[in-house]
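Structure, as structure tokens:
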Amino acid sequence: MPFIPHTDTDVEQMLGAIGASSVEALFDEIPAALRCGRLDRVPERMTEMEITRLMHERADADGRPLNFIGAGAYEHHVPAAVWEIVTRGEFYSAYTPYQAEASQGTLQVIYEFQTMMCGLTGLDVSNASLYDGATALAEALLMAVRANRKSKSHRILMPRSVSPVYRQVVHAICAAQQLKLVELDYDPATGATPEAALAEHAGSDIAAVVIPHPNFFGCFEAVDSMTDWAHANGALAVAVVNPIALALTRAPGEWGEQGVDICCGEGQPLGSPLSSGGPYFGFMTCKQALVRQLPGRIVGRTLDMDGKPGFALTLQAREQHIRRGKATSNICTNQGLLVTAATIHMSILGPVGLQQVARASMANTRKLVAALTELPGIEPVFTGAGFHEAVLRFDQPVRPLVDALGERGVIGGYALEGVYPELTNCLLVCATETKTDADIDTYVQTLAALMRPASAA
Amino acid sequence: MPFIPHTDTDVEQMLGAIGASSVEALFDEIPAALRCGRLDRVPERMTEMEITRLMHERADADGRPLNFIGAGAYEHHVPAAVWEIVTRGEFYSAYTPYQAEASQGTLQVIYEFQTMMCGLTGLDVSNASLYDGATALAEALLMAVRANRKSKSHRILMPRSVSPVYRQVVHAICAAQQLKLVELDYDPATGATPEAALAEHAGSDIAAVVIPHPNFFGCFEAVDSMTDWAHANGALAVAVVNPIALALTRAPGEWGEQGVDICCGEGQPLGSPLSSGGPYFGFMTCKQALVRQLPGRIVGRTLDMDGKPGFALTLQAREQHIRRGKATSNICTNQGLLVTAATIHMSILGPVGLQQVARASMANTRKLVAALTELPGIEPVFTGAGFHEAVLRFDQPVRPLVDALGERGVIGGYALEGVYPELTNCLLVCATETKTDADIDTYVQTLAALMRPASAA
Amino acid sequence: MTESLIFEHSRPGRSASAQYPAGDFDVDLPAGLERTSELGLPEVSELQAVRHFTRLSQLNFSIDTHFYPLGSCTMKYNPRACNRLAMLPEFLSRHPLAPVSASQGFLACMYDLQEILKDVTGMKGVSLTPMAGAQGEFAGVAMIRAYHDARGDTGRTEILVPDAAHGTNPATATMCGYVAREIPTDDNGDVDVEALKAALGPQTAGIMLTNPSTLGVFERRISEISKLVHEAGGLLYYDGANLNAILGKVRPGDMGFDVIHMNLHKTFSTPHGGGGPGSGAVGVSERLLPYMPIPVVGKANDDSFRWLDEDDLPQSIGRLSGFMGNAGVLLRAYVYARMLGRDGMHRVAEFAALNANYLMARLEQAGFDLAFPGRRASHEFIVTLKRQHKSVGVTATDVAKRLLDHGFHAPTVYFPLLVPECLLIEPTETESKEALDAFVDAMIAIAKEAEDDIEHLRGAPYTMPVRRLDDVRAARQLDVRYQPDDQAA
Amino acid sequence: MTESLIFEHSRPGRSASAQYPAGDFDVDLPAGLERTSELGLPEVSELQAVRHFTRLSQLNFSIDTHFYPLGSCTMKYNPRACNRLAMLPEFLSRHPLAPVSASQGFLACMYDLQEILKDVTGMKGVSLTPMAGAQGEFAGVAMIRAYHDARGDTGRTEILVPDAAHGTNPATATMCGYVAREIPTDDNGDVDVEALKAALGPQTAGIMLTNPSTLGVFERRISEISKLVHEAGGLLYYDGANLNAILGKVRPGDMGFDVIHMNLHKTFSTPHGGGGPGSGAVGVSERLLPYMPIPVVGKANDDSFRWLDEDDLPQSIGRLSGFMGNAGVLLRAYVYARMLGRDGMHRVAEFAALNANYLMARLEQAGFDLAFPGRRASHEFIVTLKRQHKSVGVTATDVAKRLLDHGFHAPTVYFPLLVPECLLIEPTETESKEALDAFVDAMIAIAKEAEDDIEHLRGAPYTMPVRRLDDVRAARQLDVRYQPDDQAA
Ligand SMILES: Cc1ncc(COP(=O)(O)O)c(C=O)c1O
Ligand SMILES: Cc1ncc(COP(=O)(O)O)c(C=O)c1O
């Protein structure tokens, strides 16, 4: 009986103590008609040896192709130490730190994490994580609507340069609470949101303006003027950022005159492997004044009975287990282990490490773009300076190329036309610090071989 | 500076405290003529990201072929829990437990290990490991010569059915101390050492008789009569065993009238992955009376100042750091981490698990032999019942077949003719519990395709 | 044992330089966008980081080190194989948007898991994307809403929730734009059916139940409740956070539920990780199939696996995560499910119930009061200290903190809220009888201490890295990030 | 905190059944060979085993948790990448006898490592097979013997060993059939050259030295010693266990040594694992090349890698392990070497020396006596408590045990044997200045305690899982395995 320690003697003695004739008898409150039969579609058990082999085979089937997609999930080097520590039983198999005295390890990690996220984003308070970047944005907007004292509006200005998936998730989560997303188009030349797109909404009642940094195309927005515009128009400024970009660029807390009110984003680039899309974690920081509207857990430092400092969950009155239907969010379990990974990751990389990763990623994407656009039939789409992602337009359909590249071990990029119909034949490509010149060359050579017939055509 | 925490300020302050002008000055006692220049053949450093990639590429180059070799190193399933715990920093990065009070974890593990090895082998005392099975046998024979009170002889009866490599290692290590290995031939029909081979030496002065169990061919020896013969002739009986075999077969401590005096062997099948041959560990157990001749570390249970039980290294007067030139061996660092793995492995498998592994391995080898000998041109060589290894004779040279199989992802067996010239065209094959019927079929099919032309010839 | 903050180990100019590319890179940031402030990250060596976090880890209780009978949380053994196999390099390096041709191995696991979950819940479809129980609830209630909306049945504004329900249930109802209306519990721990009847009406969108309830007892009139709710036009939501109670014994689908979320981080033993990640996969009945959150994994005609997205499920409630949820958690759950296998699934509830009922019987015999005496425990049960609170002033917190000193994690306290001074105790099926017996001994010792020396008990814990912490101060003098000029709090 | 024995968790019939094949297998053992006694293994669940060993691990000090200035042991940071990469599934599953065609990746690593080790030692050939320092010593002295034998120079019966040498040196000499003859050390920690001259003769097979010596000082007259020994017809053996002292600063080959072993588990940072595994790779000068232990990795004409064995090295001293030694350890050392790179090699000794000299200076300033004042520390140095032992009766053991209470592992004590009440202190290059400063503070506090309250000091440690253990009892009332009817010792 895998994972069950009971011997026959144990079972007998235990039933004796209970006064039950059999284990079956313990279920006698369940109406007989409801009792289920054999679970036919669950296969017979495998030993650990057998499942190990099966999983290796499945992993091998997918291989480790050369990846040039970003689009919200970035391949970065994660120091081996990170996951060797994260998966220690004491972190891995602990629960949410409800019993603070027996959970000082997890609690201190979160406190350190909060400090780091405040530092990176230039804001005052951080929570202990949300599910992922997309849901973090959804929660940030719900929070903005709750927190905005100048406006009761539920309208949100949402640039189309925000990840289309994020926009979908925000819609799925916030629509029932009547949030209205008003889209702002991007400038087809620069890829960024033009001032005019905002100006159009001047004077109308708006709860919040979303500012992506960098945006989905890898382009930088005019973060200062957008922040100021939001504040001038009674809206909160909500930044959605790639934390790696913050290593080189001004902190959202310092954008414009007053800084953004809320900053959120996908924490994956900070120590979470790509891992098919999760588990990652969403982060959120805000100004001190908004702390009571912040969703999710928060750890605070306090004192024990002897006056010694220690850590505990705090401001729990915001949360569902206390406030129930009136909580700031329904979130309960969050992404603790990934936060632990991020905290260790950021500690090991430090400021210099994070900056170097950011620089190398930017430089590599530049190189990739330069190399690919040397091929006939490939052009950059946007002129603005960007981070570690870029959009390229092909003179031919990109999906077949992506498929063909995939068969040759190159994951070539993300085809944009599904989500931006106007960007036909456009590919979003990315090269982080993990890519060498040889990798870029492999991509270019493989692609060149595939494109030739089409270009000739 | 990878792995160096010093800031410039640190260096400056430290030199100040030392009163040295530079770090170079700290080496001023080294004659200038001896100082070395640049290490030209050491390549420039790689980041962890770069070496990770290189090692992945090298690992991929070797792949994970289907392995049918045993010959002293056996592929068994190792529960994932084993190495996840073994590589915890507290085990992985601790030193030999010289400060007992700060090393109770390691010490208790070894005490538990010693208990398990005594249980498996049916003897009284175990040490805390030797380097590997081959050196364990060498140490066992040196020990036997020291311990044998009836004989001052340095002659050892060594069956040729003992692993040829073990015999080479014993020779390399023991020759300088004048040990003489007298070889006993095996019965070409059964693969085991015939009584007559021993009988020849009756009455001559002999220090010890080596009894392999099972022997290199996978065959069982007449362990009881060999043990008794040794004792009748004033020799010590030294067993060299595969610990997995002991799950099903009588403990060496119970062989013959009095049991063997010393038992040793390769611990690898108990939780060490194949890992290109190491690190593994040698084990050694013996009768209580011989404990002061036992080489290597031993952990004992004792009491602390409060009368509470605890663990410490003991009988250190046997060891080189105390006894120096007169120590039982020069061994110092042993294979602690593998012992930790073995202790966890044996705890998780338990008696039933170990028995099932042994049974499945035996049964699989039977199946493999049956399937291969159905092919024309392949015959079993020995008749005796064996453990999870067997010798097959081919009607054609085996080395080219092994190479060709290797290219097709099947590691087909170990060609014996290099070490047993009489066993031309013979292959030692093995199928542990890790092999499925489909694997065996793959082997057979792949081989059949390769053999056809030769059989036809 | 405590450990200073990582920031206190920091020195300007120190770094783990094996971990990032050296050299000057050619980057051109738009003017004025350059970072001006410090990043606020510590500057430490790799060893310092490893040592710091290793030491921090040792300050935690965890399943791998302690019995952890935290009710409603299912702290059972997390097989290490699940972790190891989910972390094979190929799985870790797979980009979520990689083409399906390079994803068949991963997708096969997900498809298989969907099938297994369908079978154990008795539902018709499963979507794996929700990232924790609460998001599963959101998905479920959003599907209920989508169902009513699709039928033009837009007057339904209420979700009924028993008063004992987990806080996520009413919070979810709110997030989905509903009003949560509480239904009381009767003295036996069952839903008050008369109150339910009174509450049902054309405004009822549905009810969120868990059965066995969070009170640890099985709702015996479930078929009747199901009938009543359906007759009122509402749908039934099953909070399957605690499927450990019934796995292989009774299926939510067979009880008449329309939708369920599962906490794979409980029943399917993926780790809790000190607060996540989780996975809140949802299962649905026939009528909610069109609304499942995307993506789902389907089979193509050639038996290869593919994503089902908005094209396949145009009525879907949409996407709830950037990709497909906590994929790595799902891989762990899959490995676990395969190692359990069919018989193992049936055994989960059997031995979870055996352990719970045994522990309940032993504690009752030892003089503790049960919240619902005479009922069977499900996988968990409730001890109430109401009597002892009255007599000697002991609180559930006192007992919880003192258990830590005895080497046991505390049960869940003060949940469900309606039972005074309650300890919700869930031993799980992976604990041995000896562990349960030792826990009983500790409880007896603590009860005795409460009689003999309540002051000492109130000072507990004594053996943890810190003594009892001041929560009020934590909330009032908010200190939620380290600032270099801080004095220790 | 202590933990019961695993056997005490055992119950007949319990097992971790996910871990072995179920079913009946057809096996036919020869009659009478069947096992008759119990195996003596515990019967526990997987969780019980995980919990037991996780808890046990927490009872250890280790580099990952504590500063560990154990002299002659080089307890520096073991980069986790080394472990992770050595444990890639392909490396773990490679059978040692797999054909070279399926081994090129592994062999490339070994070949590269050989080259790197040649360069850092200044030797002409390297064999990686010895499995720890002591086996490396054996290989080295066996090669010296083989060299003399090959020349028919068979009258050499002695190996010279300084009195300060590690115990493995004389023990190795014995194992190689030599008599170990001790050479005294002078007051400055150098070899007494006059005594050496007197000892040299036609019976001299060679000398085993380490430089810097185990006294932590550099042997300044090494060239002279080398000349003397060679002139007497002997060879020079370098005990390179502690190469951390000189890496990139001076090479044993350049100092005139003929053979060296290296402890890769020290200088190349492979883990000590609570007592191994190690790796004692040997390097040789030109004249010992033919005798290297096999196998060695060579390059074939087509630049592929291959094993060099008895066919290539017919005069080899032979095989010292079943396959090629501790391959997995060698992979770790290789990864480490590549991450250090050329400049990193040079830095090892620099920062090891900086830390040692700093710590030495601080302790001297704090009033501690150095065994060799006025000398530079190498990577380590010796404090002697002779004076304090006389005045207040404090022993090196007292200080060692009390350091544990201060959160530091103790230095090596009572080695080298010739310095009374000695503490051999090796901080290593991976420790920060703060760690060293904190250690000095602890030493000062302990020195003060020795003056103020020697009885209390003698009772140390107070904060470990056990108090000071009775070693005499351990040896006299030998209890080296658990027997079920045992009372606790
Ligand atoms: C009964 C019940 N419902 C819902 C939840 C919420 O699940 P999660 O924490 O995964 O969001 C939990 C667990 O915390 C629970 O116990
Ligand atoms: C100077 C010296 N020589 C030799 C050795 C022996 O090395 P090992 O323990 O690896 O056998 C050691 C380490 O213990 C040592 O410090």
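So you know, we letter chains A, B, ... as the sequences are listed, proteins then strands, and number each from 1.
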Original post:
For the ring pair A:His6 and C:Phe351, is the centre-to-centre distance below 6.0 Å?
Top reply: yes
Subject >> side-chain contact (heavy atoms from CB on, under 4.5 Å) between C:Leu56 and A:Phe91, intermediate numbers included >> reply: CA-CA 9 Å; C:Leu56 279 188; A:Phe91 282 136; 4.3 Å; yes
**OP:** State which residue, out of C:Asp343, C:Ile116, C:Leu340, fulfils the side-chain contact (heavy atoms from CB on, under 4.5 Å) condition with A:Val42.
**Re:** C:Ile116
Subject >> chain C contact via A:Arg323 - which portion, at a heavy-atom distance below 4.5 Å >> reply: neither
**OP:** Work out which heavy atom in C:Met339 is nearest to a heavy atom in A:Pro2; give both atom names and the distance.
**Re:** O-CG, 3.8 Å
Original post:
Any sub-3.5 Å donor-acceptor pair from A:Asn330's side-chain atoms to C:Ala134's backbone N or O?
Top reply: yes
Original post:
Quick one: are C:His95 and A:Pro65 in side-chain contact, heavy atoms under 4.5 Å?
Top reply: no
**OP:** Pick one of side chain, backbone, both or neither for A:Ile331, based on which atoms fall under 4.5 Å of a heavy atom in chain C.
**Re:** backbone
**OP:** In sequence, state the C-alpha distance, the side-chain angles, and the governing distance for C:Tyr482 and A:Met116, and then conclude on side-chain contact (heavy atoms from CB on, under 4.5 Å).
**Re:** CA-CA 9 Å; C:Tyr482 172 75; A:Met116 294 180 200; over 6 Å; no
Original post:
Do you know which of A:Val165, A:Ile411, A:Ile51, A:Asp224 has the most heavy-atom pairs under 4.5 Å to chain C?
Top reply: A:Ile51
Original post:
Any idea which heavy atoms bring A:Phe3 and C:Thr430 closest together, and the distance?
Top reply: O-CG2, 3.2 Å
Original post:
Taking the side chain from C:Asp119 and the backbone from A:Asp40, do they hold a donor-acceptor pair closer than 3.5 Å?
Top reply: yes
Original post:
Is any side-chain heavy atom of C:Phe415 closer than 4.5 Å to a side-chain heavy atom of A:His321?
Top reply: no
Original post:
C:Leu29 and A:Met362: side-chain contact (heavy atoms from CB on, under 4.5 Å), yes or no, with the steps?
Top reply: CA-CA 10 Å; C:Leu29 283 174; A:Met362 282 183 81; 3.9 Å; yes
**OP:** Measure from the side-chain N and O atoms of A:Thr302 to the backbone N and O of C:Arg473, and report whether any donor-acceptor pair falls under 3.5 Å.
**Re:** no
Original post:
Quick one: CZ on A:Arg88 to CD on C:Gln58, what's the gap to the nearest 0.5 Å?
Top reply: 5.5 Å
**OP:** With rounding to the nearest 0.5 Å, note down the distance linking CG in C:Leu41 to OG1 in A:Thr343.
**Re:** 10.5 Å
Original post:
Do you know which two heavy atoms are closest between C:Ala171 and A:Ser329, and how far apart they sit?
Top reply: CB-O, 4.1 Å
Original post:
If you take all heavy atoms of A:Leu274 and C:Pro96, which pair is closest and at what distance?
Top reply: O-CD, 4.3 Å
**OP:** To the nearest 0.5 angstrom, please state how far the CD atom of A:Gln114 sits from the CZ atom of C:Arg481.
**Re:** 10.5 Å
**OP:** Measure from the side-chain N and O atoms of C:Tyr20 to the backbone N and O of A:Gly350, and report whether any donor-acceptor pair falls under 3.5 Å.
**Re:** no
Original post:
Does A:Arg250 use its side chain to pair, donor to acceptor, with the backbone of C:Gly32 at less than 3.5 Å?
Top reply: yes
Original post:
Do you know which of A:Ser129, A:Gly119, A:Ala17, A:Gly278 has the most heavy-atom pairs with chain C at a distance under 4.5 angstrom?
Top reply: A:Gly278
Original post:
Does the side chain of A:Thr249 come within less than 4.5 Å of C:Arg35's, by heavy atoms?
Top reply: no
Original post:
Are any of the side-chain heavy atoms of A:Thr52 and C:Leu85 separated by less than 4.5 Å?
Top reply: yes
Original post:
Under a 4.5 Å cut-off applied to non-hydrogen side-chain atoms, are C:Arg338 and A:Pro43 in contact?
Top reply: yes
Original post:
Between C:Phe323 and A:Tyr280, how do the two ring planes meet: parallel, tilted or perpendicular, split at 30° and 60°?
Top reply: perpendicular
**OP:** Rounded to the nearest 0.5 Å, what's the gap from CE on C:Met131 to CG on A:Asp132? Could you check?
**Re:** 4.0 Å
Original post:
Is there a side-chain contact between A:Val357 and C:Pro21 (heavy atoms, below 4.5 Å)?
Top reply: yes
Subject >> Gap between atom CD1 of A:Ile348 and atom CD1 of C:Ile6 - 0.5 Å precision >> reply: 9.0 Å
Original post:
When rounded to the nearest 0.5 angstrom, what is the spacing between CD in A:Gln104 and CZ in C:Phe61?
Top reply: 12.0 Å
Subject >> Heavy-atom check, side chain of A:Arg64 versus side chain of C:Arg94, under 4.5 Å >> reply: no
Subject >> Region of A:Val223 in contact with chain C, defined by heavy-atom distances below 4.5 Å >> reply: side chain
**OP:** Return yes if some donor-acceptor pair links the side-chain N/O of A:Glu90 with the main-chain N/O of C:Ser57 below 3.5 Å, else return no.
**Re:** no
Subject >> Stepwise salt bridge (charged side-chain N to carboxylate O under 4.0 Å, His left out) check, C:Arg467 with A:Asp304 >> reply: CA-CA 5 Å; C:Arg467 299 282 304 284; A:Asp304 76 358; 6.0 Å; no
Subject >> Which of A:Ala100, A:Ala312, A:Gly63, A:Pro97 touches chain C most, by non-hydrogen pairs under 4.5 Å >> reply: A:Gly63
Original post:
Counting heavy-atom pairs under 4.5 Å to chain A, which of C:Ala16, C:Ala98, C:Pro42 comes out on top?
Top reply: C:Pro42
Original post:
Considering all heavy atoms of both residues, which atom of C:His346 and which atom of A:Leu39 are nearest to each other, and what is their separation?
Top reply: NE2-N, 3.4 Å
Subject >> Largest heavy-atom contact set with chain C, pairs under 4.5 Å, which of A:Gly300, A:Ala134, A:Gly325, A:Ser163 >> reply: A:Gly325
Subject >> Portion of A:Ile344 that has a non-hydrogen atom of chain C nearer than 4.5 angstrom >> reply: both
**OP:** Flag the one option from A:Glu266, A:Glu319, A:Met1 with the top tally of heavy-atom pairs under 4.5 Å to chain C.
**Re:** A:Met1
**OP:** Examine distances only and state if a side-chain atom of C:Asn60 and a backbone atom of A:Gly105 form a donor-acceptor pair shorter than 3.5 Å.
**Re:** yes
Original post:
With distance as the sole test, does A:Glu29 use its side chain to make a donor-acceptor pair with the main-chain N or O of C:Arg376 at under 3.5 Å?
Top reply: yes
**OP:** Dump the intermediate steps for side-chain contact (heavy atoms from CB on, under 4.5 Å) on C:Lys249 and A:Arg35, then the final yes or no.
**Re:** CA-CA 6 Å; C:Lys249 291 289 143 190; A:Arg35 290 293 304 278; 3.5 Å; yes
**OP:** Given side-chain hydrogen bond (donor to acceptor under 3.5 Å, both in side chains), test C:Asp479 with A:Tyr111 step by step and report yes or no.
**Re:** CA-CA 9 Å; C:Asp479 170 3; A:Tyr111 181 85; 2.6 Å; yes
**OP:** Counting only heavy atoms closer than 4.5 Å, note whether A:His171 contacts chain C via side chain, backbone, both or neither.
**Re:** neither
**OP:** Flag the one option from A:Asp306, A:Val109, A:Thr135 with the top tally of heavy-atom pairs under 4.5 Å to chain C.
**Re:** A:Asp306
Original post:
Would C:Lys401 and A:Glu101 satisfy salt bridge (charged side-chain N to carboxylate O under 4.0 Å, His left out), going step by step from the backbone distance to the final call?
Top reply: CA-CA 8 Å; C:Lys401 299 301 179 195; A:Glu101 297 83 359; 2.6 Å; yes
Subject >> Partners passing side-chain hydrogen bond (donor to acceptor under 3.5 Å, both in side chains) against A:Arg45 (at least two apart in sequence or in another chain) >> reply: none
**OP:** Mind listing the closest non-hydrogen atom pair of A:Thr106 and C:Gly274 along with its distance?
**Re:** CG2-O, 3.6 Å
Original post:
Under 4.5 Å between any side-chain heavy atoms of C:Leu354 and A:Asp10, yes or no?
Top reply: no
Original post:
Under 3.5 Å, side chain of A:Ser93 to main-chain N/O of C:Ile63, donor-acceptor pair present?
Top reply: yes
